[in-house]
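One structure is given below, encoded as structure tokens.
Chain naming here is simple, since letters A, B, ... match the order of the sequence lines and numbering starts at 1 in each. Scope of the values below: all heavy atoms of this structure, side chains included, with no hydrogens, waters or symmetry mates.
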Amino acid sequence: MIEIKDLHKSYQMGSNSLHVLKGINFNVKEGELVAIMGSSGSGKSTLLNILGMLDEADTGSYFLDNIPIKDLNEKIAARYRNKFLGFIFQSFNLINYKNALDNVAMPLYYQGIKRKERTDKALHYLEKVGLADWATHLPNELSGGQKQRVAIARALASEPKVLLADEPTGALDTKTSYEVMELIQGINDEGKTILIVTHEEDIAHMSKRIVNLKDGLIIDDGIVEQVRANSYV
Amino acid sequence: MFNRDRWNEIIEALTANWFRTLLTAFGVFWGIFILVILLAAGKGLENGVKRGFGDIATNTMFMWTQVASKPYKGLPKGRRYNFKIGDVSSIREKVPGLRYISPRNQLGGFGGTNNVIRGLNAGAFNVYGDYPEIINQDPITITSGRFINYGDIDNNRKVAVIGEGVKKELFKFGEEPIGEYIKIQGVSFMVIGTYMKKSNNGDREQGQKEIFVPFTSFSQAFNRADNVGWMAITAEDDNSITNLKKSIIDVVKTNHTIHPEDNRAVGNFDLYEEFSKINGLFIALRGVAYFVGTLVLLSGIIGISNIMLIVVKERTKEIGIRRALGASPWSVRGQILLESIFLTIISGMTGIAVSTGVIFLVNKLLEGMPASDETMFANPSVDLTVVFVALLILISSGLLAGLIPAQVAIRTKPIDALRAD
């Protein structure tokens with residue numbers, strides 16, 4: 001599903017150049033649940049941003065579902081993001097003047113789907129994350145866990161090939177974190193490819209594979225025994 | 001553009017901060033309000049001044065004889081001469097593009113003694129010997145009977161059309177003047193019509209105290225032979241009399257052996273030139289109105305642009321989220337542009353509506369006042385063209401106001417926008 005070869009990225013910080021990614025080689029097959037770990041500054045968020053087409057690599061190749069991702073202009077990048085990717089952010093990033101249903105329906109709006117169909121689909125995914133009763137609530141009327149579930153529903157709504165989660169549990173307490181992870185595991189069980197960036201060991205071990213990043217290089221990449229989130233509850 | 005969701009978003013974004021939206025809208029409202037009011041006031045002044053011209057044909061010149069000021073071909077200076085009836089036909093022959101040439105002879109005048117008698121009543125009136133065309137050049141309203149026609153001219157009929165003022169002095173109240181006779185310098189003329197004069201250059205009263213008789217019978221009755229005292233010449237609508245004036249005067253000069261460079265021999269008054277001057281004044285006035293109005297509007301537009309910039313700044317994160325979810329740059333840009341155009345048009349239209357309301361009230365007020373000749377202001381109005389021009393200015397300025405903010409919204413990378421707090 002994802003093939004990355006020799007990816008480099010550096011940032012210009014004033015007169016200094018900061019080499020963040022120093023040659024990443026990395027493949028993800030369909031249906032995998034991968035955790036990308038690393039301390040802060042290890043380049044894990046940068047990697048995720050490049051994977052998510054929010055940022056572009058300096059050199060190296062990136063194929064998503066056999067489509068080369070390079071030299072994108074903003075218009076095509078926007079279309080690819082909409083079609084191929086679902087984002088889950090640490091700070092949820094819901095639009096706060098829109099209710100849960102409208103938030104979930106947003107990627108569908110940009111796909112040009114008609115209003116009726118959009119609402120039906122959005123409601124379906126809200127049901128899937130167990131928030132159908134909260135459809136008309138604004139984000140600030142929801143708890144952190146609920147917000148993240150709305151965000152997950154939104155990421156799923158466009159039926160993307162890959163879900164990218166950037167510290168999805170970073171702003172949540174342990175119990176809620178596990179609930180969210182349980183949901184993510186459930187989605188993965190249905191065959192969706194998911195990448196999670198985290199620095200929490202317990203969250204990482206709920207994936208099927210852990211990639212360890214340090215100073216812009218992969219130092220460790222291995223299959224792990226998946227811990228089911230519901231076993232904690 | 002006609003997408004319900006898009007409009008929902010626009011309304012949502014604009015109503016998020018009511019007070020700010022209102023204040024912003026006021027700038028444009030005020031600009032367009034001033035523009036329309038200024039234009040309408042200019043138009044009112046123009047209407048008021050042009051009312052002074054009445055219905056008089058403005059593409060007209062008047063011409064009379066003066067004293068030759070240069071000797072020519074053995075003839076001395078200081079010589080008097082008269083236009084002849086033959087001049088009319090030779091002007092018509094040699095100068096194309098003229099509509100009416102009306103020769104006129106005149107009796108009486110300002111401060112004259114009594115020259116018209118009927119029974120025991122007498123009065124001093126202007127008596128004109130005219131051709132029927134004069135009614136098209138200096139219009140009068142026939143209130144009863146008829147005006148002079150070519151039958152009267154050809155048959156030298158001694159008939160007269162008298163003003164309402166003449167009627168008041170010579171006839172008893174309620175008496176029917178038509179068919180009655182009046183004596184003009186001892187010669188009897190039958191009254192065939194009465195008139196009211198429309199044009200009132202401050203001589204409304206005087207204008208009603210005139211008597212029109214056929215040119216031919218006038219010449220005969222008062223021994224004018226083939227002399228012509230005065231001519232009113234109107235050009236066709238697509239020619240200006242100002243351009244034809246020189247060739248007309250040249251014809252007269254040739255006919256009467258006057259030095260070609262004698263500028264004083266032929267007295268004339270070019271109404272069109274005066275009219276053009278006044279017209280030019282109003283065009284300039286309109287220009288000033290547009291200039292001032294547009295500048296005021298501009299400051300309103302800058303206000304909108306400013307507020308849109310703030311809105312974009314506030315929504316940086318939201319825009320980042322939208323772009324992460326697949327909003328194309330154009331959809332973001334379009335959103336900002338539409339918001340700005342929408343705001344401009346709504347506030348601008350309110351401005352137009354309120355200003356036309358004010359104009360309506362002023363018109364009502366003016367109607368209530370008695371129309372006097374001194375009021376140099378009548379019927380202030382804007383035509384639909386102005387409204388369309390204003391609308392065009394609004395749409396383009398809305399676009400302009402949104403352009404920079406929209407560009408700013410796009411410039412930030414989605415990743416940076418997402419990081420913003």
Side-chain angles (χ1 to χ4, degrees), chain A residues 9 11 45-46 48-56 72-99 102-116 118-119 138-139 151 154-160 164 166, chain B residues 1-21 308 310-339 342 405-421:
Chain A
K9 176 76 183 175
Y11 286 112
S45 281
T46 307
L48 197 72
N49 286 332
I50 291 172
L51 288 173
M53 292 178 235
L54 292 169
D55 210 342
E56 235 179 314
L72 297 177
N73 65 29
E74 263 304 323
K75 194 178 164 195
I76 297 171
R79 208 176 64 225
Y80 280 5
R81 279 199 291 271
N82 185 271
K83 230 164 73 179
F84 299 143
L85 302 169
F87 289 94
I88 302 162
F89 302 97
Q90 177 176 4
S91 50
F92 324 127
N93 282 344
L94 299 175
I95 290 176
N96 50 29
Y97 62 82
K98 286 180 177 295
N99 66 30
D102 287 343
N103 263 295
V104 175
M106 192 116 75
L108 301 172
Y109 169 64
Y110 288 120
Q111 278 180 356
I113 291 173
K114 288 222 164 22
R115 189 180 180 79
K116 177 87 177 63
R118 216 158 64 208
T119 316
L138 291 173
R154 182 178 66 183
L156 287 172
S158 59
E159 286 160 8
L164 299 174
D166 187 6
Chain B
M1 189 159 177
F2 298 102
N3 180 324
R4 190 171 138 202
D5 302 288
R6 183 145 243 190
W7 286 107
N8 274 346
E9 302 228 319
I10 289 171
I11 302 289
E12 262 171 1
L14 289 179
T15 49
N17 195 334
W18 259 116
F19 189 60
R20 189 171 69 190
T21 306
M308 291 308 293
I310 294 173
V311 166
V312 165
K313 192 85 194 155
E314 273 178 0
R315 284 162 63 185
T316 306
K317 184 150 191 172
E318 182 199 321
I319 291 168
I321 298 167
R322 284 171 183 274
R323 294 179 73 187
L325 295 180
S328 70
W330 257 111
S331 114
V332 173
R333 210 180 273 144
Q335 174 91 12
I336 305 288
L337 283 180
L338 266 181
E339 259 171 51
F342 181 70
Q407 217 43 48
V408 169
I410 290 301
R411 208 164 48 207
T412 329
K413 281 183 148 191
I415 183 72
D416 298 327
L418 276 173
R419 282 200 197 110
D421 277 311

- Note on the structure: Honestly, the part of Y109(A) sitting under 4.5 Å from a heavy atom of chain B is side chain

- Query: What part of Y97(A) gets closer than 4.5 Å to chain B, counting heavy atoms only: side chain, backbone, both or neither?
  - Reply: both

- Measure across A327(B) and A78(A) and return the closest heavy-atom pair with its distance rounded to 0.1 Å. O-CB, 3.5 Å

- Query: Going from CD1 on I321(B) to NZ on K98(A), what distance comes out if it is rounded to the nearest 0.5 angstrom?
  - Reply: 11.5 Å

- Query: Can you say whether S91(A) sits under 4.5 Å from chain B via the side chain, the backbone, both, or neither, judging by heavy atoms?
  - Reply: side chain

- Given that the side chain runs from C-beta out, which part of R322(B) has a heavy atom under 4.5 Å from chain A: side chain, backbone, both or neither? both

- Could I get the full list of salt bridge (charged side-chain N to carboxylate O under 4.0 Å, His left out) partners for R115(A), not counting sequence neighbours? D5(B)

- Message: Any non-hydrogen side-chain atom of P414(B) less than 4.5 Å from a side-chain atom of E74(A)?
- Response: yes

- At their closest point, which heavy atom of A324(B) faces which heavy atom of F89(A), and how far apart are they? CB-CZ, 4.1 Å

- Scored by heavy-atom pairs under 4.5 Å with chain B, the best of N82(A), L85(A), D102(A), N96(A) is N82(A)

- Task: Using non-hydrogen atoms and a 4.5 Å limit, figure out which bit of N93(A) sits close to chain B: side chain, backbone, both or neither.
- Result: both

- Interatomic distance, CZ@R81(A) vs OG@S328(B), rounded to 0.5 Å, equals 10.0 Å

- Residue list, salt bridge (charged side-chain N to carboxylate O under 4.0 Å, His left out) with K116(A), at least two apart or on another chain: D120(A)

